[in-house]
2 protein chains.
Amino acid sequence: MSTLKVRVEQKKLERAAYVLKCVAHPVRISIIDLLEQRERLTVSQLQEVLQVEQSLLSHHLTNMRDKGVVDTQRQGKHVYYSLTDSAITNIISCINGCKNF
Amino acid sequence: MSTLKVRVEQKKLERAAYVLKCVAHPVRISIIDLLEQRERLTVSQLQEVLQVEQSLLSHHLTNMRDKGVVDTQRQGKHVYYSLTDSAITNIISCINGCKNF
DNA sequence: GGCGTACATGAAAATATGTTCATGTATAAG
DNA sequence: CTTATACATGAACATATTTTCATGTACGCC
């Protein structure tokens, strides 16, 4: 009963919670799912598939970008979004892999 | 550009977000980390390691239990908590595996 | 039954998140 | 330089989550 302690350091814990919180939303999970399929997508393309208000989508994307989950590149009038780290996608696989859910 | 769609069904999306939200908190990630190490732990044991208010911990645990992330068994005065699904722990490995974080 | 320990619960307060709506900015085309 | 398109931003509001504090309940022991 002695050597029990939290193995993840505080900073990483907070970072993990921060990122997970960012993933934990139906619209954002969908965005990740789509970016997993297509490498990079414009806001309009995402919007067409997701059928959400433009500004709402934009807020979510900005949120995800701020948290380092997605990257952007502007190309003319369009802004392309892509996943910064494919490991993020594993999280969703994990969830899907959970038998009890 | 035609066959792009969200592969995860709506119900599962919401369930995933629900569970991820439940994981996405420093205290709760710590709880999962500890239960990964010890199989089952009482509230007092968790409290001793985590150094949080008893009632706060209890709220978090009830939350996690309601969402099916942990299970409980009472044994005399003590209540033991354990993870219902080891796949949950993978989520944390995923996070740790993310290079960009 | 009374007491202490272990844990749960509920309401209120503090804080964070999600959504909408109106407006702003960048770029390309004419 | 005007206009349309693509996207971002900010403030206001709605809703959800987190935390605290006070109190409640279950169990074992005397």
Side-chain angles (χ1 to χ4, degrees), chain A residues 1 4 10 13-32 34-35 38 40-83, chain B residues 1 4 6 10 13-32 34-35 38 40-82:
Chain A
M1 116 117 237
L4 182 65
Q10 191 60 26
L13 268 179
E14 266 149 29
R15 180 72 193 148
Y18 190 68
V19 173
L20 283 172
K21 240 185 256 180
C22 175
V23 177
H25 188 286
V27 169
R28 293 188 301 252
I29 294 178
S30 301
I31 292 170
I32 291 169
L34 293 170
L35 290 176
R38 198 71 59 153
R40 61 181 212 148
L41 289 165
T42 66
V43 181
S44 329
Q45 289 176 317
L46 287 166
Q47 198 186 344
E48 194 192 344
V49 181
L50 296 175
Q51 300 273 84
V52 294
E53 281 249 30
Q54 182 268 318
S55 85
L56 179 58
L57 180 55
S58 195
H59 277 303
H60 279 304
L61 288 169
T62 303
N63 181 331
M64 293 170 88
R65 185 190 172 174
D66 288 350
K67 286 169 185 165
V69 173
V70 295
D71 255 349
T72 58
Q73 348 160 221
R74 179 175 274 276
Q75 202 157 312
K77 280 196 297 186
H78 296 276
V79 175
Y80 283 94
Y81 279 84
S82 54
L83 293 173
Chain B
M1 117 116 236
L4 182 64
V6 180
Q10 192 60 26
L13 269 178
E14 267 149 29
R15 182 69 193 149
Y18 190 69
V19 173
L20 282 171
K21 239 186 256 180
C22 176
V23 176
H25 189 284
V27 168
R28 294 190 299 254
I29 295 178
S30 301
I31 291 170
I32 292 169
L34 293 170
L35 290 175
R38 197 71 61 153
R40 62 181 212 150
L41 289 165
T42 66
V43 180
S44 329
Q45 289 176 317
L46 287 166
Q47 198 186 344
E48 195 192 343
V49 181
L50 296 174
Q51 299 274 84
V52 294
E53 282 250 30
Q54 182 269 316
S55 86
L56 178 57
L57 180 55
S58 196
H59 277 304
H60 279 304
L61 288 169
T62 304
N63 182 330
M64 294 170 87
R65 186 191 171 174
D66 288 350
K67 285 170 184 163
V69 173
V70 294
D71 254 346
T72 57
Q73 348 157 222
R74 179 174 275 277
Q75 204 157 311
K77 281 195 297 186
H78 296 276
V79 175
Y80 283 93
Y81 279 85
S82 54

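The chains referred to below are lettered A, B, ... by the order of the sequence lines, with proteins before strands, and numbering in each begins at 1. Only this structure's heavy atoms are used, side chains among them; waters, hydrogens and symmetry mates stay out.
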### Query
Phosphate oxygens OP1/OP2 of C:dA8: is one of them under 4.0 Å from a side-chain N or O of B:Arg65?
no
### Task
Just call it for B:Gln54: base, sugar-phosphate, or nothing, with non-hydrogen atoms closer than 4.0 Å on any strand.
base
### DNA chain C: 5'-proximal contact among A:Gly76 and A:Tyr18 (nearest heavy atom)
A:Tyr18
## Note on the structure
Whole-Å distance, B:Glu14 CD to C:dG18 P, equals 14 Å
### Query
So do A:Leu46 and A:Leu61 actually touch side chain to side chain, heavy atoms under 4.5 Å?
yes
### Query
D:dT18 base stacked by B:His59? Criteria: ring centres under 5.5 Å, plane angle under 30°.
no
#### Entry: Polar side chain donor-acceptor pair, A:Arg40 to A:Gln73, under 3.5 angstrom
yes
### Task
Check for a donor-acceptor pair, side chain of A:Arg74 on one end and backbone N or O of A:Gly76 on the other, with a separation under 3.5 Å.
yes
### Candidates D:dT5, D:dG28, D:dC21 - which lies nearest the side chain of B:Lys77
D:dG28
### Task
Indicate whether B:His25 forms a stack on D:dT18; treat it as stacked only if centroid distance is below 5.5 angstrom and interplanar angle below 30 degrees.
no
### Task
Using a cut-off of strictly less than 4.0 Å, decide whether A:Lys21 has a side-chain nitrogen or oxygen near OP1 or OP2 of C:dA16.
no
#### Entry: B:Asp66 CG - C:dA8 P separation (whole Å)
11 Å
### Query
Rounded to the nearest Å, what distance is computed from the CE atom of residue A:Met64 to the C1' atom of nucleotide D:dA8?
16 Å
### Query
Just by distance, do the side chain of A:Arg28 and the backbone of A:Cys22 share a donor-acceptor pair under 3.5 Å?
yes
### Task
Write down the distance between CD (A:Glu53) and P (C:dC21), rounded to a whole number of angstrom.
6 Å
### Note, B:Ile31 side chain near B:Leu57 side chain (heavy atom, < 4.5 Å)
yes
### Message
How many whole angstroms separate atom CG of B:Leu20 from atom C1' of D:dT17?
### Response
16 Å
### Task
Output yes when at least one side-chain N/O atom of A:Arg74 is less than 4.0 Å from OP1 or OP2 of D:dA6, else no.
no
#### Entry: Rounded distance in Å - OH (A:Tyr81) to P (D:dA6)
15 Å
### Task
Measure the distance from CD on A:Glu48 to P on D:dA6 and round it to the nearest whole Å.
11 Å
### Message
Taking the nucleotide of DNA chain D with the nearest heavy atom to each, does A:Ser55 or A:His78 sit closer to the 5' end?
### Response
A:His78
### Summary
A:Gln75 atom CD is separated from C:dA28 atom C1', nearest whole Å, by 14 Å
